[in-house]
Visitor: 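This is the structure I want to talk about, given as structure tokens.
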Amino acid sequence: VEPEPAVAVVPASADWTGFYGGGQLGGAELSQFFPGTDDVHLGLEGRHYGLHVGYLRDYGQFVAGGELSYDKLDDFDVGFFGPGDFDGNVIRAKLLAGYDSGKFLPYAAVSFARMELESSGISLDDTGFGFGVGAKFMATPRVMLGVEWMTNEFEFEAVEDSVDFDLGTVSLSASYRF
């Protein structure tokens with residue numbers, strides 16, 4: 001009687017190369033800093049939701065790509081410009097670099113973003129740089145799920161001086177791969 005040959009278990013691999021698009025939603029925190037101090041004078045929490053498109057290229061164990069996203073900032077209930085709520089939006093261009101571990105892709109990201117805020121007829125807008133980390137999971141060959149933390153720093157020109165804002169977001173996303 002011959003013994004049955006042993007079968008080696010190979011982890012499921014995924015090819016991350018390709019275009020994708022989808023949506024994201026999550027929480028957002030906007031922190032305001034004043035010049036010459038490290039104290040946080042304002043910390044607001046709200047939500048964000050939006051759309052994204054991107055492209056990834058699989059180089060074996062290394063994956064790199066870019067992503068463009070638009071998020072609506074909503075539900076920040078405080079009047080730092082005056083009484084009432086404020087809303088806004090942020091557009092981010094991100095470069096992603098990650099490790100291909102099969103169907104799971106942890107990555108780091110750097111971003112260039114444009115944020116606009118509005119409250120009680122006052123509008124502010126600025127561009128800023130940021131960074132973050134995230135992970136994507138290939139649920140099926142066409143569907144990716146993800147989680148991401150990003151932060152961007154902005155400097156708005158005020159009447160006498162500039163005011164620094166940090167926008168931090170935590171997102172859950174779903175994407176369709178083309």
Side-chain angles (χ1 to χ4, degrees), residues 5-31 33 44-76 87-117 124-156 164-178:
V7 177
V9 177
V10 177
S13 65
D15 182 11
W16 293 92
T17 298
F19 290 96
Y20 62 92
Q24 69 273 355
L25 60 92
E29 181 179 31
L30 190 63
S31 302
F33 298 90
L44 304 173
E45 294 183 2
R47 65 179 180 205
H48 72 94
Y49 49 89
L51 300 171
H52 63 268
V53 294
Y55 178 79
L56 294 174
R57 175 78 177 165
D58 195 333
Y59 295 99
Q61 289 189 328
F62 177 73
V63 177
E67 185 174 292
L68 183 64
S69 66
Y70 170 82
D71 282 298
K72 174 75 174 147
L73 302 173
D74 198 9
D75 211 19
F76 290 89
D87 296 316
N89 60 63
V90 61
I91 298 171
R92 286 186 178 130
K94 298 183 268 188
L95 295 176
L96 311 173
Y99 174 73
D100 183 352
S101 61
K103 294 186 177 214
F104 183 68
L105 176 67
Y107 64 88
V110 293
S111 69
F112 181 72
R114 175 101 177 141
M115 182 169 70
E116 297 175 351
L117 295 175
L124 299 173
D125 59 84
D126 191 37
T127 55
F129 290 97
F131 61 91
V133 294
K136 296 186 183 293
F137 174 73
M138 197 166 309
T140 72
R142 293 281 181 216
V143 176
M144 286 189 309
L145 304 175
V147 61
E148 181 180 78
W149 170 82
M150 288 292 298
T151 185
N152 285 88
E153 186 174 306
F154 302 94
E155 185 177 315
F156 296 105
D164 293 337
F165 282 94
D166 286 344
L167 174 67
T169 57
V170 174
S171 307
L172 297 175
S173 65
S175 306
Y176 180 78
R177 299 182 62 218
F178 301 103

Visitor: Between F178 and F19, is the gap from one ring center to the other below 6.0 Å?
Guide: no
Visitor: To check you understand the geometry: which heavy-atom pair defines the closest contact between S111 and F131, and what is its length?
Guide: OG-N, 4.3 Å
Visitor: CZ of F154 to CG of D126: how many Å apart, nearest 0.5 Å?
Guide: 7.0 Å
Visitor: State, to 0.1 Å, how close H48 and D71 come at their nearest heavy-atom pair, and which atoms those are.
Guide: ND1-OD1, 3.1 Å
Visitor: Using atom types as modelled and distance alone, determine if a side-chain donor or acceptor of R47 lies under 3.5 Å from a backbone N or O of L73.
Guide: no
Visitor: Should W16 and R57 be marked as a side chain to side chain contact (heavy atoms under 4.5 Å, CB included) after you check the CA-CA gap, both sets of side-chain angles, and the distance that decides it?
Guide: CA-CA 6 Å; W16 293 92; R57 175 78 177 165; over 6 Å; no
Visitor: Taking atom CG of N89 and atom CG of L117, what is their separation to the nearest 0.5 Å?
Guide: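 Taking CG in N89 and CG in L117, the distance rounds to 8.5 Å.
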Visitor: Output yes when a side-chain donor or acceptor of D100 lies under 3.5 Å from a complementary backbone atom of F62, and no otherwise.
Guide: no
Visitor: Measure across Q24 and S171 and return the closest heavy-atom pair with its distance rounded to 0.1 Å.
Guide: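 Looking at all heavy atoms of both residues, the shortest contact is CB-CB, 4.4 Å.
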Visitor: Quick one: does K94's side chain get under 4.5 Å of M150's, heavy atoms only?
Guide: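 They are in side-chain contact.
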Visitor: Kindly indicate, with the supporting measurements, whether the criterion side chain to side chain contact (heavy atoms under 4.5 Å, CB included) is fulfilled by M115 and L30.
Guide: CA-CA 11 Å; M115 182 169 70; L30 190 63; 4.0 Å; yes
Visitor: Test side chain to side chain contact (heavy atoms under 4.5 Å, CB included) on E67 and L95 and set out the steps.
Guide: CA-CA 7 Å; E67 185 174 292; L95 295 176; over 6 Å; no
Visitor: What is the distance from atom OG1 of T140 to atom CG of L145, rounded to the nearest 0.5 Å?
Guide: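 If we round to the nearest 0.5 Å, T140:OG1 and L145:CG are 8.5 Å apart.
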Visitor: Pair Y55, T17 - check side chain to side chain contact (heavy atoms under 4.5 Å, CB included), show working.
Guide: CA-CA 7 Å; Y55 178 79; T17 298; 3.5 Å; yes
Visitor: Over all heavy atoms of both residues, which pair between N152 and G128 is shortest? Give the atoms and the distance, please.
Guide: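 It is ND2-O, 3.7 Å.
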Visitor: So among E153, R92, E29, which one has a side chain to side chain contact (heavy atoms under 4.5 Å, CB included) with L167?
Guide: R92
Visitor: Which value, rounded to the nearest 0.5 Å, describes the distance between Y107 atom OH and L56 atom CG?
Guide: 9.0 Å
Visitor: Write down the atom of Y20, the atom of L96, and the distance for their closest heavy-atom approach.
Guide: OH-CD1, 3.8 Å
Visitor: If we only count heavy atoms from C-beta on, is the D74 to Y49 side-chain gap below 4.5 Å?
Guide: yes
Visitor: Show the nearest heavy-atom pair for residues A28 and T169, with the distance to one decimal.
Guide: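 Looking at all heavy atoms of both residues, the shortest contact is CB-CG2, 4.0 Å.
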Visitor: Got a second to check how far L51's CG is from S173's OG, nearest 0.5 Å?
Guide: 11.5 Å
